[in-house]
Each structure stands twice: as C-alpha cells, then as structure tokens.
Amino acid sequence: MKTLWLIYDDTCGLCSQVKAWLQDQPTLIELKFLPIRSEQLNQLFPNLNREELNRAVTVVDDRGGVYRGSHAWIMCLYALKNHRIWAYRFARPTWQPKVEAFCEWLAIRRHALSEQFHLPPENDAAEEGRMK
Amino acid sequence: MSPIVTAYIIYLLISIGLTYWVARTLHQNGRIFLVDAFHQNEPLADSVNHLLVVGFYLINVGYIALALKTGAHPQNVQEIIELLSEKLGVVLLVLGGMHFFNLTVFSKMRKKALTHHWMPPVQPTGQIPPPIPQP
C-alpha cells in the first residue's frame with residue numbers, strides 16, 4: 001500500500017482543521033486529500049456515492065479498498081509515521097464501538113461544532129452558500 | 001581513619017561499582033533494542049547507545065555524590081553498616097528506577113520502529129475499481 005486518498009468535507013471547519021494537521025505530519029504512506037465536490041474526485045473515483053461521502057469521512061487505498069467513518073480515521077493514523085501506534089489502539093475490539101460511536105456523533109454535528117469553536121473551513125464560498 | 005570517612009569510602013566504592021555494573025548491562029543488552037529501533041542501522045544504534053550510557057553515568061554518579069554527605073556520626077561497625085544500608089538502599093532504588101525508565105524508552109522506540117512493517121489494523125468495508133495512476 002503506497003497511497004491513501006482522504007475524501008473530506010471542505011465546507012466543514014472541523015474537517016478542514018484535521019486535514020491541515022494531517023498534511024503537516026510526516027508519513028509512511030502518501031496521504032492525498034480530495035474535497036467531496038472537487039473535479040479531481042470525479043476523475044479518480046467516479047463510482048463513489050456522493051450522499052455517503054457527505055455522511056461520513058471516507059478513505060480509499062490504491063487497490064480500491066474503501067474505508068468509512070472511524071475506519072477512515074484509523075487508516076489516516078496508520079499512514080502517519082509518528083502516530084501509527086494509535087491506529088492499532090483505536091482498532092482494538094474493546095475500543096472500536098466507542099470510537100465508532102464518537103466518530104458518528106462528530107460527523108452529524110460537524111458543522112455545529114465548527115461554528116461553536118470558530119473553526120474556519122477551507123472552502124468559505126461553499127460554506128456561505130450552505131448557510132444561506 | 002574515622003568511622004565516618006570509612007563509611008564514605010565504602011559507600012562510594014559500592015555505589016560506583018553498582019553503577020558501573022548496571023551501565024554495562026544496559027550497554028550490552030540494550031544494544032539489540034536500539035538496533036531494531038533504528039531499522040538495523042548498527043552504527044547509529046551504537047552511537048545512541050554510547051550517548052545514553054554517558055547520560056546514565058552523569059545522572060547516577062551525580063546523585064551518588066550529592067547524597068554522600070550525612071549528619072550521622074557512626075561510632076562503631078554496627079552504626080557504619082546501618083548508615084551504609086540506608087544510603088545504598090536509596091542509591092539502588094534510584095539506579096533501579098533509571099534502569100526501568102531506560103528499558104521503557106528502549107521498548108517504546110523499538111515498538112514504534114516495528115510498526116513500520118505492520119499491516120493495516122482494519123479491512124476495507126467496500127471495494128471500487130482502483131484509481132488509474134495519474135501522469
């Protein structure tokens with residue numbers, strides 16, 4: 001496995017901050033980032049369901065394997081040189097249900113949390129469109 | 001030689017002797033952890049090993065020197081033994097603490113390096129055609 005694509009919501013401040021943090025980290029596997037509504041996403045992965053992409057963060061590996069929600073975040077951590085060990089911790093059977101529940105809770109409330117904590121999204125224009 | 005000076009000399013000989021023994025153990029047996037931690041780069045592992053041992057000596061001999069002085073006035077062999085027992089006991093606990101701390105650090109470094117070879121912790125839940133390689 002050499003590359004992972006993280007498909008994220010760039011109108012969400014929380015997602016944008018996490019993506020910025022991931023971008024700064026040294027990696028063992030190349031981590032690429034695709035906003036949900038980008039042209040590049042249409043070209044690379046025309047088969048992905050847009051509604052599902054909006055509901056939960058998605059990661060795709062270079063063999064076409066798709067990971068959603070907490071598994072997507074686990075794969076992001078797996079790609080990072082200094083945080084790979086956390087991928088294994090979060091994947092433990094005893095931790096998994098709580099981690100999954102927490103990721104779902106975050107996904108549903110991501111825009112509200114972004115506003116509450118004043119986290120700026122990458123794509124401001126789309127954010128304003130959403131708020132109108 | 002007064003009893004207290006005798007006690008001091010015995011204290012220093014035993015403490016520094018023990019420090020040397022623990023340092024040697026760590027140096028010889030810790031090496032393999034470091035070689036793994038640095039992905040089989042033996043020159044680097046040896047260099048870091050040596051630097052760590054220097055640090056170990058500095059801290060431990062420093063503590064031994066600081067802890068030497070006492071207000072006690074041993075008058076006979078019994079009191080010398082009791083004084084030595086107290087002082088050496090603390091030195092040994094400090095050495096033991098440093099030893100386990102070193103082991104923990106070595107172990108974490110090695111484990112982190114080993115994860116570089118591990119498979120992903122989760123399986124994909126879906127499958128789509130792999131992306132066409134971009135030019």
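Proteins get letters first, then strands, A, B, ... in listed order; numbering begins at 1 in each. Being a predicted model, the structure only gives us computed values, none of them experimental.
In this structure, chain B has heavy atoms under 4.5 Å from both the backbone and the side chain of Y67(A). Within the 4.5 angstrom heavy-atom criterion, only side-chain atoms of V60(A), from C-beta onward, approach chain B. Of the two parts of L48(A), only the side chain, counted from C-beta on, holds a non-hydrogen atom closer than 4.5 Å to a non-hydrogen atom of chain B.
Hydrophobic clustering (side-chain heavy atoms under 4.5 Å, transitive across Ile, Leu, Val, Met, Phe, Trp, Tyr) groups L95(B) together with L68(B). With hydrophobic clusters built from ILVMFWY side chains whose heavy atoms lie under 4.5 angstrom apart, I80(B) shares a cluster with I64(B). At a threshold of 4.5 Å between side-chain heavy atoms, the hydrophobic network of Ile, Leu, Val, Met, Phe, Trp and Tyr places L18(B) and L12(B) in one connected group. In the hydrophobic clustering of this structure, L83(B) groups with I9(B); members are Ile, Leu, Val, Met, Phe, Trp, Tyr whose side-chain heavy atoms approach within less than 4.5 Å, directly or through other members. No continuous path of hydrophobic side-chain contacts links I14(B) to Y20(B) [ILVMFWY only; heavy atoms under 4.5 Å].
Between M1(A) and P120(B), the shortest heavy-atom distance links the atoms CE-CG, 3.8 Å. Heavy-atom minimum distance, D61(A) versus P131(B): O-CD, 4.2 Å.
The interface of residues 34-63 of chain B with chain A, defined by heavy-atom distances below 4.5 Å, is empty. The interface of residues 75-84 of chain A with chain B, defined by heavy-atom distances below 4.5 Å, comprises M75(A), Y78(A), K81(A), N82(A), R84(A).
Crowding of W21(B) atom CH2: a count of heavy atoms from other residues, nucleotides or ligands under 6.0 Å not exceeding 12. Within 6.0 Å of CD on Q123(B) lie no more than 12 heavy atoms contributed by other residues, nucleotides or ligands. Around atom CZ of R50(A), more than 12 heavy atoms belonging to other residues, nucleotides or ligands sit under 6.0 Å away.
When the candidates T3(A), I29(A), I74(A) are compared by the number of heavy-atom contacts under 4.5 Å with chain B, I74(A) comes out ahead.
Residues K111(B) and I85(A) form a side-chain contact, since some pair of their non-hydrogen atoms from C-beta on lies under 4.5 Å apart. Side-chain contact between H116(B) and L28(A): present, with at least one pair of heavy atoms (C-beta onward) separated by less than 4.5 Å. For the pair P130(B)/D62(A), no side-chain contact is recorded, criterion being any heavy-atom separation below 4.5 Å from C-beta on.
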